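Notes follow the structure.
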Amino acid sequence: MSAVSESATASLRHLVLIDGSGFIFRAFHGLPPMSRSDGTPVNAVYGFTTMLLKLLNDSQADHIAVIFDSSRKTFRTDLYPEYKAHRPPPPEELVPQFPLVREAVRAFDVACIEMEGFEADDLIAAYARAATLQGAKVTIVSSDKDLMQLVGAQVSMFDPMKNRTIGPDEVFEKFGVGPDRVVDVQALCGDAADNVPGVPGIGIKTAAQLIGEYGDLETLLARAGEIKQPKRRQTLLDNAAMARLSRDLVKLRDDMDLPEPVSALAVRALVPERLAAFLAEQGFRSLINRLDLKAPPRPPVASTPVVATATEAAPAPAGFSRDQYDLVLDLDTLDRWIAAAIEAGIIGFDTETDSLDSMRARLVGVSLAVAPGRACYIPVIHNPPAAQGSLDFGDAPAESAGPKPIPADQSLARLAPLLADPSVLKVGHNIKYDMQVLASLGVPVTPIDDTMLLSYVLDGASHGHGLDELAQLHLGHTNISFAEVCGTGKSQITFDRVPLEKARDYAAEDADVTLRLHQFLKPRLLAEKMVEVYETLERPLIPVIVAMERAGLKVDRAFLQALSEDFGRRLADLEAEVIALNGGEAFNLASPQQLGKVLFETLNLPGGKKTKTGQWATGADILEDLAPLHPLPARLLDWRQLAKLKSTYTDALVAQINPATGRVHTSFSLAATTTGRLSSSDPNLQNIPIRTEEGRKIRRAFIAEPGFCLISADYSQIELRLVAHVAGIEGLRTAFAEGRDIHAITASQVFGVPLEAVDSSLRRRAKAINFGIIYGISPFGLAAQLSIPQSEAKAYIEAYFGRYPEIRAFMEQTKEEARTHGFVRTPFGRKVFTPGIKDKNGAARAFAERAAINGPIQGGAADIIKRAMVRLPAALVEAGLAARLLLQVHDELVLEAPEAEAEATIAVVRRVMEGAACLSVPLLVEAAAAASWDEAH
DNA sequence: GCGTTCACG
DNA sequence: GACGTACGTGAACGCT
């Protein structure tokens, strides 16, 4: 094998240089904590390994190297001792991973380069120069802006995290100058991250402008006296030495002796045993399986033409052959697959349909995977596009001469028993959707597992949970994209029109990947102590949600239409008034930009603030402040309210009524939020107005069927009860136990007045503080909420902490927990991840700290209502009641029940909800029944 | 596709 | 000394 490098030397055409040090940090911060069985943290090693694997698979490079920083002391620290001096030491969990990452590089038999006294960036510069001199192309894999000075005709950068190539245009976008002038700009603006001083008061914009005008740093410094702005001229004259020093710091050195010749970077054949041993040591079993290490993931370069294959589709990584994907077109074959499924006891399972809306979708096909790589697609309807040039005279699709699916009634009759077979676990990805589609056909699916939910409970918001993304992340596999199969935009076709062979590859792959992901994710539940959350809160919720979505909610169409017309008329009147108030000058009331000009430029009203993009801010709070000064802002607020209600609610809801059921069916997402809450969309029924009189009218449109009523049951103060429980606040606990008015009690205790003396204003302030606690209080936020000075808000908070000292300890402990683990846990064990908790930006860190404090509270409340939802259907059945769940709105459940059973249903609902958790404070549920949601709430 | 605004808990 | 903030969502709209 050693002969390879010699023979490849002559063919240096494309060199890939990987910024190893940059990557370790990004992988570390971008991935959830992971550790080896011996406790060594390995998340950065894992991220680095998968990244390297992907690069090796995808790139056409013939030479490759990973470059590392060697030590902190470099020629730059000699030049300027402050350089990077303020950098904190790397996090404790990262330190043991540095040597492991270098081991990873060696395990892949890739060159690993570092050199005392130089940073990785300098070595990259030197190798890039050496390679370009030999006429080769160079790709620098990094997103570090300090490397952008190297970009040029032969050199480009690639950011693998964002999958983005950085060329001269992107550099110009960043620095406002071409790559050859980047150093001059950086010399002026400095770099806070590296402690490069630059010239005080000059940022990237000014620097780019100056360099654009004068050409380069030396010319600028020589002619600094010509600068018009006196202050800028003086600082430049005063700081010329600083600018030159900064330039020397940012300019990369490429003149050192290379520690290895370029030829030593030639791509070498992989030694499977070596890689397998390394991966096994780290406990990366999924990677071993994925690579199927008997076969190397890439052939030896010596036998591979380097450039010629570039146009070919990327070969599937080893272990991902589609050879054993089967297209099932006859009953015998189907029966064999069903037998194999029963034999396996666990299958990957997926459906293909003709719509994303599960309530309207028709089943087009089903795919099953019985083992990794062994999967089939069973088409149910197939309408290939008519041949070109043929005329289509009727509704029926043109007869196709090709193979036909098994008639739908026959295939479904065979599949239904398998899907209901208690001894066969059906693993889906977002299986809620597949269960919906099959439920419409009367086919139940049980027992189930869901890889999307597994990923969600394990890794939270640290990455997305789409099948394609997880396949890439955990299996290193690129799925066939839906767009590849069905196209995009106007020419997109539905899945039933996809040619069968292509449909088979796509659909069978999804089932295959789902099963493989399950093998990887399910064992992590136990290792990461998430079994309870998944098994008691998430998985059993799926069938409950399926039933809720299918039930839908009846809305009064005529009422909403009448409301819409009323709103429409009033909007027209308001618009005319506003235009008149603007001196008859028409503008678009819905455009914040145009409104800002009207208010602060035409009418010249005071107190204008800009948003972070430099637009005039025109939010409701700003308009309210302006209301006493001019009649326009108040009219506009009225207009905004009605416009919102009309477009988002009256009109949209009418359009969302399902023609088949006459009801609206929301879609609940179980894997969308960082805290464990559900979310609702299409339409969002979790934000139906309630706070204003006009808004409440919309709620009146949500009604029950004749003979039925709507029941709304909501937890009273559930989040504050969670605070009292998790923080162990004795004062609050007692108040809750005694069933007192919690905000009044708080006011009395914090402000030190007798309960009888608490007036509405004092209670309002106490209520705001209580809410503030839930959100991770800050003086700024509380001050804004109460329109009081920050100093006063600060005093309130101090008083609160004084009266309830446990809260301070809780907040400190929670932040510490977040810093140590990267997540906090709810009382029920759910992880709420807290990215940014160690951010060097103070604002970002404070944000993460508040989110960390909110996590156990909001997340704990979400856990409790989930538990109630899981238990409720069975409790209703057991009580002989016909009520069904329709909606969940975070602390509220909405049901539809026969009028005659209203009281009995309320009793069961209250019992289940109040008994869903046993905290150190009681749970209290308020419930009522009525003809509409508005009256029931 | 992003930013702003606003509906909810 | 300035920064930029209450926590969690989704939808509509304007603008590019």
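Throughout, a chain's letter reflects where its sequence line sits, starting with A, and its residues are numbered from 1. Only a predicted model underlies this, so the values are computations on that prediction, with no experimental measurement involved.
Distance A:Lys697 NZ to B:dA7 C1': 17 Å, rounded to the nearest Å. Rounded to whole Å, atom C1' of C:dA12 lies 13 Å from atom CG of A:Asp682. As rounded to whole Å, 13 Å separates atom C1' of C:dA12 from atom CD of A:Gln656. Rounded to whole Å, atom P of B:dA7 lies 15 Å from atom CG of A:Leu653. Rounded to whole angstrom, the span from the CG atom of A:Asn684 across to the P atom of B:dG9 amounts to 11 Å. Atom CD in A:Gln615 sits about 9 Å away from atom P in C:dC15, given to the nearest Å. Here the P atom of nucleotide C:dA12 and the CG atom of A:Asn588 are 17 Å apart, to the nearest Å. Between the CD1 atom of A:Ile718 and the P atom of C:dG8 there is a distance of 18 Å, rounded to whole Å.
Among the heavy atoms of the strands lying under 4.0 Å from A:Ala768 is at least one base atom, whether or not backbone atoms are also near. Here A:Ile690 lies in heavy-atom contact (under 4.0 Å) with sugar-phosphate atoms only. Nucleic acid contact class of A:Glu892 (heavy atoms, under 4.0 Å, all strands): none. Among the heavy atoms of the strands, none lies under 4.0 Å from A:Asn841. Within the nucleic acid shown, A:Asn687 comes within 4.0 Å of at least one base atom, counting heavy atoms only. Nucleic acid contact class of A:Ile688 (heavy atoms, under 4.0 Å, all strands): sugar-phosphate only. Using a 4.0 Å heavy-atom criterion, one finds that A:Asp714 contacts no nucleic acid atom at all. No contact: A:Ala844 has no heavy atom under 4.0 Å from any strand. Among the protein residues, A:Ala617 comes within range of the sugar-phosphate backbone only, with heavy atoms under 4.0 Å from sugar or phosphate atoms but none that close to a base. Within 4.0 Å (heavy atoms only), A:Phe780 reaches at least one base atom of the nucleic acid. Within 4.0 Å of A:Ser778, counting heavy atoms only, lies at least one base atom of the nucleic acid. Residue A:Gly776 is classed as having no contact, given no heavy-atom separation below 4.0 Å to the nucleic acid. At a threshold of 4.0 angstrom between heavy atoms, the contacts of A:Ala851 are confined to the sugar-phosphate backbone, with no base atom among them.
Between A:Ser647 and C:dA11 there is no side-chain N or O to OP1 or OP2 distance below 4.0 Å. At the phosphate of C:dT9, OP1 or OP2 sits under 4.0 Å from a side-chain N or O atom of A:Thr674. For the pair A:Ser681 and C:dG10, the criterion of a side-chain N or O lying under 4.0 Å from OP1 or OP2 is not met. Remark: A:Ser591 is in phosphate contact with C:dC15, judged by side-chain N or O atoms under 4.0 Å from OP1 or OP2. OP1 or OP2 of C:dC15 lies within a sub-4.0 Å distance of a side-chain N or O belonging to A:Gln593. Distances shorter than 4.0 Å separate some side-chain N or O of A:Gln594 from OP1 or OP2 on C:dC15. Put simply, A:Arg691 has a side-chain N or O that comes within less than 4.0 Å of OP1 or OP2 on B:dG9. The shortest distance between the side-chain N/O atoms of A:Thr673 and the OP1/OP2 oxygens of C:dG8 is not below 4.0 Å.
Of the candidate nucleotides B:dA7, C:dG10, C:dC7, B:dA7 has the atom nearest to the side chain of A:Pro689. Minimum atom distance to the side chain of A:Ser679 is reached by C:dG10, of the listed C:dG10, B:dT4, B:dG9. Checking C:dT9, C:dC13, C:dA12 against the side-chain heavy atoms of A:Ala590 singles out C:dC13 as nearest. Considering only side-chain atoms of A:Asn854, the nucleotide from B:dA7, C:dC7, C:dT5 that sits closest is C:dC7. Of the candidate nucleotides B:dC6, B:dG9, B:dC8, B:dC6 has the atom nearest to the side chain of A:Lys644.
For the pair A:Lys610 and A:Trp616, the distance from NZ or CZ to the six-membered ring centre is under 6.0 Å and the angle to the ring normal is within 45 degrees. Figure legend: A:Lys646 and A:Phe567 shown without cation-pi pairing, the cationic atom not lying both under 6.0 angstrom from the six-membered ring centre and within 45 degrees of its axis.
A:Ser932 and A:Glu935 share a donor-acceptor pair across their side chains, judged by distance under 3.5 Å alone. Looking only at atom types and distance, the side chain of A:Ser761 has a donor-acceptor partner in the side chain of A:Arg765 under 3.5 Å away. Donor-acceptor pairing under 3.5 Å is recorded for the side chains of A:Thr666 and A:Ser680. Looking only at atom types and distance, the side chain of A:Gln858 has no donor-acceptor partner in the side chain of A:His890 under 3.5 Å away.
For A:Glu926 (side chain) and A:Tyr715 (main-chain N/O), no donor-acceptor pair under 3.5 Å exists by modelled atom type.
The C1' atoms of B:dG1 and C:dA6 are separated by 28 Å, rounded to the nearest whole Å. For the P atoms, the distance linking C:dG4 with B:dG3 amounts to 15 Å, nearest Å. On the P atoms, C:dT5 is 13 Å away from B:dT5, given to the nearest whole Å.
The aromatic rings of A:Tyr804 and A:Tyr800 lie perpendicular to each other, with more than 60° between the two planes, well past the 30° mark.
As the counterpart of B:dG1, C:dC15 is assigned, both hydrogen-bonding distances of the Watson-Crick or G-U wobble pattern falling under 3.5 Å. Both distances falling under 3.5 Å, in either a Watson-Crick or a G-U wobble arrangement, place B:dC8 opposite C:dG8.
Between the base of C:dG8 and the side chain of A:Arg850 there is no donor-acceptor pair shorter than 3.5 Å.
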